[in-house]
Undergrad: 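Handing you this structure, nothing more for now.
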Amino acid sequence: MNLTHRRRGRALPMGAALAVAAGTLGLITIQSADAGQAPAKSERTTATVAADAPDLGPNVDIFDPSMSHDTIQGRLDEVFKQQETNQFGGERRALLFKPGSYDDVDANIGFYTQIAGLGLSPDDTDINGAVHAEADWFQGNATQNFWRGAENLAVTPKAGEDRWAVSQAAPYRRMHLKGDLRLDDGGWSSGGLLADTKVDGRVDSGSQQQWLSRNTDWGGWQGSNWNMVFVGAKNAPAGNFPNPPYTRVDQTPVSREKPFLYVDEGDAYKVFVPGVRKDSSGTSWSGGAPAGESLPIDDFYIVKPGASASDINGALADGKNLLVTPGVYHLDQTLKVTRPDTVVLGLGLATFIPDGGLTAMTVADVDGVKVAGVLFDAGTENSDTLMEVGGEGANADHAANPTSLHDVYFRVGGAAAGKATKSLVVNSSDVIGDHTWIWRADHGDGVGWNTNTADTGLVVNGDDVTMYGLFVEHYQKHQTIWNGEGGRTYFYQNEMPYDPPDQAAWMNGGTKGYAAYKVADSVTQHEAWGLGSYCFFNVNKSVAAEHAFEVPQREGVRFHDMVTVSLGGTGTIHHVINGTGGPSDAQNNVANLASYP
């Protein structure tokens with residue numbers, strides 16, 4: 001069935017209708033009877049692979065323009081059927097298209113599926129049809145459309161408009177859409193990312209609560225809800241937060257785009273590693289070949305299902321980069337990245353699970369490491385930390401060649417009863433975070449106040465760390481703690497934990513609850529733009545948080561364009577930042593604050 005042209009205008013589920021009547025479009029998880037449950041495991045199917053492709057394991061399909069339409073479309077439909085509702089399953093898929101033109105292709109992208117072109121430019125691979133994400137499986141509610149991605153393609157939508165109805169961990173990156181783009185599916189949607197992307201027509205944000213557009217270019221933008229953030233976005237819409245709720249930063253101060261796999265003119269497979277850009281706007285590729293370097297595939301150890309942590313560490317010790325093919329990899333030892341400029345590139349939401357309470361990955365305090373496209377899923381025995389960048393006490397200067405994290409995700413619970421005290425700790429200086437979702441699960445398996453325990457999502461100890469598209473949700477103490485000097489965040493989306501059983505269980509000393517974003521009292525320089533924090537205390541709606549953001553009150557610490565929301569009036573956030581702004585509660589769901597101090 002071609003879902004691009006299906007009938008629209010269906011009714012919201014009853015719970016959604018009630019929530020809308022209450023005045024909120026929030027991420028309130030009202031599930032169908034089987035929502036959040038892992039579906040039965042599908043039989044493994046045979047991947048479609050171009051004849052000249054390297055062995056990228058059983059979960060990568062590589063399409064060639066010489067293949068028949070039926071072969072390509074049949075495989076796309078097969079993968080989508082498997083992955084459409086597979087929210088917590090173990091299957092992972094990458095759908096890769098070699099340069100050329102593909103006619104009448106309808107790629108509907110489900111869970112744990114990455115679709116990407118294999119050209120050096122998005123325009124090298126042209127899809128005539130659709131590359132889209134829908135929410136049919138959840139009756140138009142896109143708030144659980146996680147863990148997927150579209151990258152490095154030109155798309156000419158058959159109907160003139162494509163749809164990317166998603167929420168967290170679902171980037172639309174390095175794309176050229178030759179038409180219009182809609183970011184919802186008629187129901188709720190709760191935040192996402194456009195990066196390094198050109199849309200020839202209009203982007204319509206629909207019901208999106210928050211959204212980050214970084215280094216984008218489009219014909220026009222329509223829509224807003226609580227906070228739309230534009231950083232280095234050409235033709236960003238006019239207006240200022242909170243009326244309309246637009247946050248604009250004209251130039252992206254420092255960035256590196258995500259590394260990607262491509263095929264050169266001689267049909268050799270390589271990985272392109274973009275260079276650092278400063279004070280940029282618009283895409284990295286519209287003006288010609290971007291700055292950066294190409295690495296031959298022989299420089300990479302190709303990690304395939306069955307590889308052990310010992311195999312991976314051996315390759316790293318031998319000076320290899322990692323190309324991690326789609327799969328779920330259990331680790332019985334910490335992966336140790338120690339060489340400067342190492343690239344760790346995951347395909348198809350490749351997933352690492354540390355067993356026995358390990359840290360899944362450590363990155364030494366060295367220059368220029370790039371980690372991209374991987375999901376760290378907490379094991380059932382508590383890990384103190386899932387990933388550490390730079391050892392404790394790291395103090396080297398990496399401004400000329402920073403380490404960067406691209407589409408790196410963390411999960412505690414949901415697929416199983418995972419536990420991790422901290423998810424990501426950044427000790428190195430100058431690190432660039434380019435889209436992270438750090439999530440203590442609020443639904444799925446192994447979820448409960450005393451089950452998937454997790455204190456803090458992100459701890460930043462390094463100086464001059466910059467985060468773009470930082471999503472941190474549901475942790476049980478401070479969600480984000482920033483101890484380093486000179487930090488900057490461009491877009492922050494947070495939900496407080498849904499499940500404190502009572503106020504006594506969620507107290508920070510004598511203070512009600514924990515701030516979602518805590519800047520240490522010792523910090524003298526910090527700045528953040530476009531932040532949102534929501535509460536939905538559905539276990540006990542009498543629970544309250546004193547404030548969402550907690551910072552030292554001094555001139556060098558500045559916050560811009562903040563919003564707090566009580567979703568459906570279920571719980572209270574008394575103040576937006578320190579003792580200023582708010583409340584968000586049953587009477588006043590949304591509270592805005594344009595600046596602090």
Undergrad: Can you give me the closest heavy-atom contact between Leu181 and Tyr172, atom names plus distance?
TA: CD2-CE2, 4.0 Å

Undergrad: Regarding Gln208 and Ser189, do their side chains bring together a donor and an acceptor under 3.5 Å, going by distance alone?
TA: yes

Undergrad: Are any of the side-chain nitrogens in Arg163 or Asp185 under 4.0 Å away from the carboxylate oxygens of its partner?
TA: yes

Undergrad: Ignoring hydrogens, what is the shortest heavy-atom contact between Phe272 and Leu120? Give both atom names and the distance.
TA: CD1-CD1, 3.8 Å

Undergrad: Under 4.0 Å between a side-chain nitrogen and a carboxylate oxygen: does that hold for Asp77 and Arg75?
TA: no

Undergrad: Tell me which one of Phe491, Trp439, Tyr492 satisfies ring pair (Phe, Tyr, Trp, His ring centres under 6.0 Å) with Phe471.
TA: Phe491

Undergrad: Assign the ring pair Phe146 / His443 to parallel, tilted or perpendicular, where the plane angle (0 to 90°) is split at 30° and 60°.
TA: tilted

Undergrad: Under 3.5 Å, is there a donor-acceptor pair between the side chain of Thr480 and the main chain of Tyr517?
TA: no

Undergrad: Does NZ in Lys336 sit with more than 12 non-hydrogen atoms of other residues, nucleotides or ligands closer than 6.0 Å?
TA: no

Undergrad: Got a salt bridge between Arg173 and Asp407, using NZ or NE/NH1/NH2 to carboxylate O under 4.0 Å?
TA: yes

Undergrad: Will you find, in the side chains of Gln479 and His474, an N or O donor that is under 3.5 Å from an N or O acceptor?
TA: no

Undergrad: Verify the distance criterion only: is there a donor paired with an acceptor across the side chains of Glu392 and Asn427 at less than 3.5 Å?
TA: no

Undergrad: Tell me if the centroids of the rings in Trp437 and Tyr409 come within less than 6.0 Å of each other.
TA: no

Undergrad: What is the ring orientation for Tyr102 with Phe97, classed by angle as parallel under 30°, tilted 30 to 60°, or perpendicular over 60°?
TA: perpendicular

Undergrad: Check side-chain hydrogen bond (donor to acceptor under 3.5 Å, both in side chains) between Lys304 and all other residues, then give those that pass, not counting sequence neighbours.
TA: Asp55

Undergrad: Go through the side-chain N and O atoms of Thr421 and Asp455 and say whether any donor and acceptor fall under 3.5 Å apart.
TA: no

Undergrad: Show me the donor-acceptor pairs within less than 3.5 Å that the side chains of residues 344-355 make with the rest of the protein, sequence neighbours left out.
TA:
residue: Thr351; atom: OG1; partner: Arg92; partner atom: NE; Å: 3.0
residue: Thr351; atom: OG1; partner: Arg92; partner atom: NH2; Å: 3.2
residue: Thr351; atom: OG1; partner: Leu349; partner atom: O; Å: 2.8
residue: Asp355; atom: OD1; partner: His330; partner atom: ND1; Å: 3.1
residue: Asp355; atom: OD2; partner: His330; partner atom: ND1; Å: 3.1

Undergrad: Any salt bridge linking Lys422 with Glu388? Criterion: basic side-chain nitrogen under 4.0 Å from a carboxylate oxygen.
TA: no

Undergrad: What closest approach, in Å, do Arg277 and Thr283 show between heavy atoms, and which atom pair accounts for it?
TA: NH2-O, 3.4 Å

Undergrad: Among side-chain atoms of Ser167 and Asn145, is any donor-acceptor pair under 3.5 angstrom?
TA: no

Undergrad: Give every residue pair that meets the side-chain hydrogen bond (donor to acceptor under 3.5 Å, both in side chains) criterion with at least one member in residues 291-301, sequence neighbours excluded.
TA: Tyr262-Ser294

Undergrad: Please evaluate residues Trp211 and Phe230 with respect to the criterion ring-ring contact (aromatic ring centres under 6.0 Å, His included), reporting the C-alpha separation (whole Å), side-chain torsions for both, the decisive distance (0.1 Å), and the verdict.
TA: CA-CA 8 Å; Trp211 192 273; Phe230 308 93; over 10 Å; no

Undergrad: Under a 4.0 Å N-O cut-off, is there an ion pair linking Glu257 with Lys370?
TA: no

Undergrad: Looking at Lys98 and Asp267, does any basic side-chain N land under 4.0 Å from a carboxylate oxygen?
TA: yes

Undergrad: Assess, by modelled atom type and distance only, whether the side chains of Gln144 and Gln87 contain a donor and an acceptor separated by less than 3.5 Å.
TA: yes

